[in-house]
A.B. asks: 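Quick one: the structure is below, and I'll ask about it shortly.
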Amino acid sequence: MEFRRCKWFFGHAAAGVMVLFLLAAGPVVAATDDEALGIKLAKQAVRGDKHWTTVDHSRIELLNQKFMSGDQITQACLTCHTDASMQFKETIHWTWKVPSEKQGIMNGKAGHAVNNFCISGNAMEDKGCLSCHAGWDGTDGEVNCLSCHGKEKFPFKVTFDDLAAFEGDDDPDIQEIVSDLHKGIQQAVQNITLPRRSNCGECHFKGGGGDGVKHGDLDTSLTKPNRMLDVHMAAEGADFACTRCHTTVKHHIAGRLYTRPAAAERKSLIEDDMATKITCESCHSATPHKAHTKMNDHTDKVACQSCHIPEFARVNPTMMWWDWTKAGKLKDGKPFVEKGEFGKPTYKSIKGEFKWAKNVVPEYFWYNGSFDNIGIKDEIDPQQVVEVSHPLGSPDDPNARIHPFKIHTGKQPYDKVNKQLVAPLLSGPKGFWTTFDMDEAITLGNQTLDVPYSGEFDYVDTTYAFPITHMVAPADQSLDCIECHTRDNSRLAGITGIYMPGRDKFAIVDTIGLIAVLGALAGVTLHGLGRFFTRNGREE
Amino acid sequence: MTGRTLNKVYLYTRFERLWHWCQALMIILLMITGFEVHGLYPLMGFDTAVEVHNFTGLLWLGSFAFFAFWLIITGEWKQYIPTTRKLFDVVLYYAWGIFHGKDHPVQKTPGAKHNPLQRLAYLGISAMLLPVQMVTGLLYYLYNSLGGVSLAPIAFIHTLAAFLLVNFLIIHLYMTTTGHSLFSHIKGMITGWEEIYDTSRIEEWETKATTKQT
């Protein structure tokens, strides 16, 4: 009896405590409904973001002069902003060069780097590229401050040419025109701003020779995006300028430079409030989601962009394919253009064949913030697809995350003998766009970079990767788990080195499991049938 | 067949029954959600399956501690001490005797609720398979915070053990039908009272586990 009472007591005690535990466990295990940390921090980071200034440029006498050249404008700027030009000329925005880790190699459009669009800047000898250089006349002369700081898009070059033509003309009508031209210049010069999206976008939205050609997550749709396209830059919302995240110090604008990552470390503003804001973590922390949610466990291996940018080129199309082999066809001896879907060119005699796409699902790779790129001096294997630019990283690299990319594919010329990519000269009287002679264009182009050319070329398949990081969608548009955690068509099907529940399995486990389950079912079925037919051996 | 008396025996206390059915519910829920997470079928959605699985898993882990506590305090753990005596008889019964109207060689008593085969099976399940599942499950749940732990071997064991548990569940469910009627064992686990034929003599060693305390 003693024992029974003991058992009764502990049985009820254990049951009672267990029920209490079950009741208590609910709220503890379930996530709290508080605002996610990442949102809370970001709201703090953008509080009081309104810029103010003590300078009204329209009241500065110096800017009311009759400017006759771009350099004169810059001299006026430098009267007060004494070090600005000096600072800017040290940056990649001016030099278009950045030293590579490889001996004797200079990355950058003006260096040894190539891409699979217009291929090379030919050491800035290809004047067609210079429309995007922030100088009045290439790298000769002064910086054009207004490229980035002018609120107004003003045709300075044409205007100065007109002024030069009218100089010394006493005709009162002409004088009036000259006066109007000067007034126009003065207005543009006095209309100063911190760089806005349209300033940066003038080049970065249109890289590769047109809107949305290069990046896929940067095009003119971001000049005035809605919140669905980009939560940060939404014109009616946060309205971030590029420099809101691309922290700028002495005109050095934070961002990746070829092999050099945009940020050396991932730090939130809580850890270091002077840190660059170039990473998502800067404002959103490394645990941005609601407390105790599984998503916070992902941030050590998955970049925020992977889930929060479900597709890129969501408003404007982006170029996915550029085939140089088709370039040079003429109609009636003249170059021509064909347009296709989206109203975008699908063929240009000067450039070749293009393919465009909208709402593109990114490709995913391990990425530690650095890129490996094949320059004009690197040897290639023409039997393989050449990865002209490809992200670096591995599952073992603590700095690497699974990150989304646009992969631009194409065919571009290479030197058959030297097994190197080549840099055809495109613009100018001797460039390919005028002569349609690829061999000559390569000869001239490689000369600008002092790289020998054998005289024999062919075309090779290449890829060029762009990290997808803009066009962050609202949180409710981010990816569902099943987009990646699934056996078939996982977005991360190509990601190796990790075990992903839902995507992965061990064939042996599933085979043993199947045998165990089917074996048990078969066993009990046979046993049951045996009992049924023998009627448990009982006689009626 | 005829002339044997049915004895009603109070076999399972309220706590045992509560525990049994709670555990059954939790394990079945864990199986359903676990195999969805494994990618075998879509049911409630991957994220919901993960959440339910994690919640239920932690709940099971916590409540199992109460069961272990109860087992130790009440001495009921002795019910699981394995024995080879009559083990062969039981195996023979299920392989042959059951088809020939033989009586079960070991009848249930409060002192010995489990026959030697059950003892062995439940010991294997409770002392091996379930702890393995709990430990690997906890590692699976925490691996991100553990640092340097690879998920693959954890997932390997956890999934394998899950399949083995399904195997157990199928046989376990089937075995409930082998009482004097199809549902008598299940009824016993619901009400606590089992109806047992009064045929075989209960031997002293079978009740040794609990007789000392009476």
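Sequence lines set the chain letters: A, B, ... in the order given, protein chains first and strands last, and positions in each chain run from 1.
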A.B. asks: Side chain from CB out, backbone as N, CA, C, O: work out which of these in D510(A) comes under 4.5 Å of a heavy atom of chain B, or both, or neither.
C.D. replies: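 Both the backbone and the side chain of D510(A) come within 4.5 Å of chain B.
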
A.B. asks: Might you confirm whether atom NZ of K294(A) has over 12 heavy atoms from other residues, nucleotides or ligands at distances under 6.0 Å?
C.D. replies: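 Above 12, so yes.
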
A.B. asks: Tell me whether the rings of F99(B) and H527(A) are parallel (<30°), tilted (30 to 60°) or perpendicular (>60°).
C.D. replies: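 Tilted.
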
A.B. asks: Within the 4.5 Å heavy-atom criterion, are T159(B) and K505(A) side-chain neighbours or not?
C.D. replies: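 The answer is no, as the side chains (C-beta and beyond) never meet within the 4.5 Å cut-off.
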
A.B. asks: Under 4.5 Å between any side-chain heavy atoms of P153(B) and Y499(A), yes or no?
C.D. replies: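 A side-chain contact is absent here, since even the closest heavy-atom pair is not under 4.5 Å.
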
A.B. asks: Tell me if a side-chain donor or acceptor on R487(A) pairs with a main-chain N or O of H38(B) at a distance below 3.5 Å.
C.D. replies: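 Yes; judged by distance alone, with no hydrogens or angles, the pair exists.
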
A.B. asks: Side chain, backbone, both or neither: which part of L182(B) has a heavy atom under 4.5 Å from chain A?
C.D. replies: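 Just its side chain gets close to chain A.
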
A.B. asks: Pick from V509(A), I512(A), I515(A), T511(A): which one makes a side-chain contact (heavy atoms from CB on, under 4.5 Å) with F163(B)?
C.D. replies: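 It is V509(A), the one option of V509(A), I512(A), I515(A), T511(A) that forms the side-chain contact (heavy atoms from CB on, under 4.5 Å) with F163(B).
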
A.B. asks: Given side chains that start at C-beta, do those of S150(B) and I498(A) come closer than 4.5 Å, heavy atoms only?
C.D. replies: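 Of all side-chain heavy-atom pairs linking I498(A) with S150(B), none is under 4.5 Å.
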
A.B. asks: Quick one: are N144(B) and D300(A) in side-chain contact, heavy atoms under 4.5 Å?
C.D. replies: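 Answer yes - side chains close enough.
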
A.B. asks: Using a cut-off of under 4.5 Å on heavy-atom pairs, state which of G519(A), A516(A), G523(A) scores highest against chain B.
C.D. replies: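 The candidate making the most pairs under 4.5 Å is A516(A).
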
A.B. asks: Checking the side chain of Y174(B) only, and the main-chain atoms of G528(A) only, is there a donor and an acceptor separated by less than 3.5 Å?
C.D. replies: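 Looks like yes, one N/O pair under 3.5 Å.
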
A.B. asks: Which bit of T178(B) is near chain A, if near means a heavy-atom gap under 4.5 Å: side chain, backbone, both or neither?
C.D. replies: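 Interface part for T178(B): both.
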
A.B. asks: Does CD1 belonging to I508(A) count more than 12 external heavy atoms closer than 6.0 Å?
C.D. replies: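 Count not over threshold, so no.
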
A.B. asks: Counting only non-hydrogen atoms closer than 4.5 Å, does T177(B) touch chain A with its backbone (N, CA, C, O), its side chain (CB onward), both, or neither?
C.D. replies: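 Answer is both: backbone and side chain atoms of T177(B) are under 4.5 Å from chain A.
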
A.B. asks: Is there a side-chain contact between D297(A) and Y143(B) in this structure, where contact means two heavy atoms from C-beta onward sitting under 4.5 Å apart?
C.D. replies: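 No; the side chains remain at least 4.5 Å from each other.
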
A.B. asks: Should we say atom CE of M44(B) is surrounded by more than 12 heavy atoms from elsewhere, each under 6.0 Å from it?
C.D. replies: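 Yes - once you tally the heavy atoms of other residues, nucleotides and ligands closer than 6.0 Å, there are more than 12.
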
